[in-house]
> 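Quick one: this structure, given as structure tokens, is what I'll be asking you about.
For ligands, and for the atoms within them, numbers begin at 1 and follow the listed sequence.
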Amino acid sequence: MKSKIEILKSQALAALKAAKSDAEVRDLEVKYLGRNGLFNDIMKSLKDLSDEEKRTVGKLANETKTELEAAVQKKYAELEMYAFDVIADKEWMDVTVPGKKPDVGHRHLISKFIDDLEVVFGRMGFAVAEGPDIETEHYNFDQLNMPADHPSRDMQDTFWVKNLKRMVLRTHTSPVQIRHMESHKPPVRVISLGKTFRKDSDATHSPMFHQIEGLMVDTDISIANLKAVLTHLLQQVFEDPSIKTRFRTSYFPFVEPGMEVDCTCPICHGEGKLADNVPCKLCKQCGWLEIGGAGMVHPKVLENVGYDSKKYTGFAFGFGVDRMVMIRHRVNHLRLLFENDLRFIDQF
Ligand code: DAH
């Protein structure tokens with residue numbers, strides 16, 4: 001009997017040693033130490049022994065069982081340590097490697113440009129005014145000397161708002177001039193920046209775009225003031241003090257005279273070509289870039305907001321912000337500004 005116990009013990013220990021998983025150990029535990037296990041068989045057969053043998057063999061059996069139970073627990077602990085070692089081996093990290101900088105976002109280049117414009121005009125004493133994106137026909141057109149059925153309205157491919165009578169997505173930032181003058185007495189020095197909307201979509205037009213509007217009204221405002229302010233603006237935003245401006249006669253119902261504003265190309269400096277006679281692509285070799293419209297505020301517009309047009313004069317201008325951003329950053333497709341592709345945006 002004693003040797004049977006010894007054999008069982010060495011078998012159990014060998015099997016335990018070879019076990020590779022908790023499940024295997026559990027099976028062995030059941031096989032040897034379980035209620036119907038091999039050890040209990042031995043315990044049960046003790047009853048057939050003499051009293052003397054019962055004592056010695058029983059003692060040995062009990063000791064061996066305790067020993068095996070301890071060996072099982074030890075094996076469980078070993079397996080756990082082993083599992084930990086495997087994970088540690090796989091998932092180790094080098095704490096001396098320099099950290100990765102978290103990806104912090106940044107302002108979009110249009111928003112950044114708008115901030116810059118506000119700073120440039122802020123230094124010239126201009127305040128910033130805001131108006132709604134959904135505008136009434138009254139402010140978007142009528143007050144700007146563009147009555148219903150006036151052909152000038154055709155210039156602006158308007159989105160009329162369904163089910164909202166006589167409301168539009170503002171086609172320009174000019175209505176903010178009116179709103180501002182209605183609530184402020186002259187002198188006025190104000191700009192307004194924001195989204196504008198037109199039914200236009202191609203390589204150089206997007207149905208949503210941004211404009212900057214400027215307005216200055218006082219007792220002695222002339223085209224000379226307009227020229228000075230716009231030249232300074234363009235020199236600042238294109239970071240080139242050699243930039244010149246020129247005005248070409250044009251028509252906008254809310255100004256008289258009205259004009260188109262051009263500036264010398266900041267790439268070829270008005271030459272139309274680069275060093276080595278390479279043609280300038282930005283201005284298409286013309287040396288000038290069209291920037292936007294401007295003019296002297298029409299007396300009718302001043303009267304519409306209750307200003308005395310005999311006493312006050314003013315200038316106004318409206319430029320496309322997106323185009324200026326494209327010129328400044330040498331971006332050749334308008335869409336890039338609006339697609340929010342990080343491969344593009346992260347370059348700035
Ligand atoms: N509102 C005009 C447009 O979007 C641009 C413009 C032209 C604004 C002349 C002005 C101006 O203030 O004087 O087509």
> Can you tell which part of S174 has a heavy atom less than 4.0 Å from ligand 1: side chain, backbone, both or neither?
side chain
> Quick one about E260 and Y251 (side-chain donor to acceptor, distance below 3.5 Å, no hydrogens or angles considered), yes or no?
no
> Would F252 count as a polar contact of ligand 1, with the cut-off being nitrogen or oxygen pairs under 3.5 Å?
no
> So, does H150 use its side chain to make a donor-acceptor pair with the main chain of S152 at under 3.5 Å?
yes
> Of the non-hydrogen atoms in H180 and A129, which two are nearest, and what is the gap between them?
ND1-CB, 3.8 Å
> Does atom CG of D341 have more than 12 heavy-atom neighbours from other groups under 6.0 Å away?
yes
> In ligand 1, which numbered atoms sit nearer than 4.0 Å to a non-hydrogen atom of V255?
13 (O)
> I'd like to check V188 versus M216 (side-chain heavy atoms, cut-off strictly below 4.5 Å). Are they in contact?
no
> Show me which atoms of ligand 1 lie under 4.0 Å from any heavy atom of Q177.
12 (O)
> Report yes if T171 has an N/O atom closer than 3.5 Å to an N/O atom of ligand 1; otherwise report no.
no
> May I ask you to identify the nearest protein heavy atom to atom 12 (O) of ligand 1, giving residue, atom name and distance to one decimal place in Å?
E213 OE2, 2.6 Å
> Against heavy atoms of Q156, which atoms of ligand 1 measure under 4.0 Å?
3 (C), 14 (O)
> Check E135 with R179, please: is the shortest side-chain N to carboxylate O separation under 4.0 Å?
yes
> Should you measure from each heavy atom of Q211, which atoms of ligand 1 turn up under 4.0 Å away?
3 (C), 4 (O)
> If you count every heavy atom of other residues, nucleotides or ligands that lies below 6.0 Å from E6 atom CD, does the total exceed 12?
yes
> Before you tell me yes or no, could you show the steps for E69 and Y32 under side-chain hydrogen bond (donor to acceptor under 3.5 Å, both in side chains), namely the whole-Å CA-CA distance, both residues' side-chain angles and the distance that decides it to 0.1 Å?
CA-CA 10 Å; E69 279 164 357; Y32 288 96; over 6 Å; no
> Tell me whether ligand 1 is touched by F254 - counting only heavy atoms on the residue side and a distance under 4.0 Å.
yes
> When you measure from atom 3 (C) of ligand 1 to each heavy atom in R198, M296, R170, which option holds the nearest one?
R198
> Which atoms of ligand 1 are found less than 4.0 Å from any heavy atom of H172?
1 (N), 2 (C), 4 (O)
> Could you tell me which atoms of ligand 1, counted from 1 in the order shown, lie closer than 4.0 angstrom to a heavy atom of G295?
13 (O)
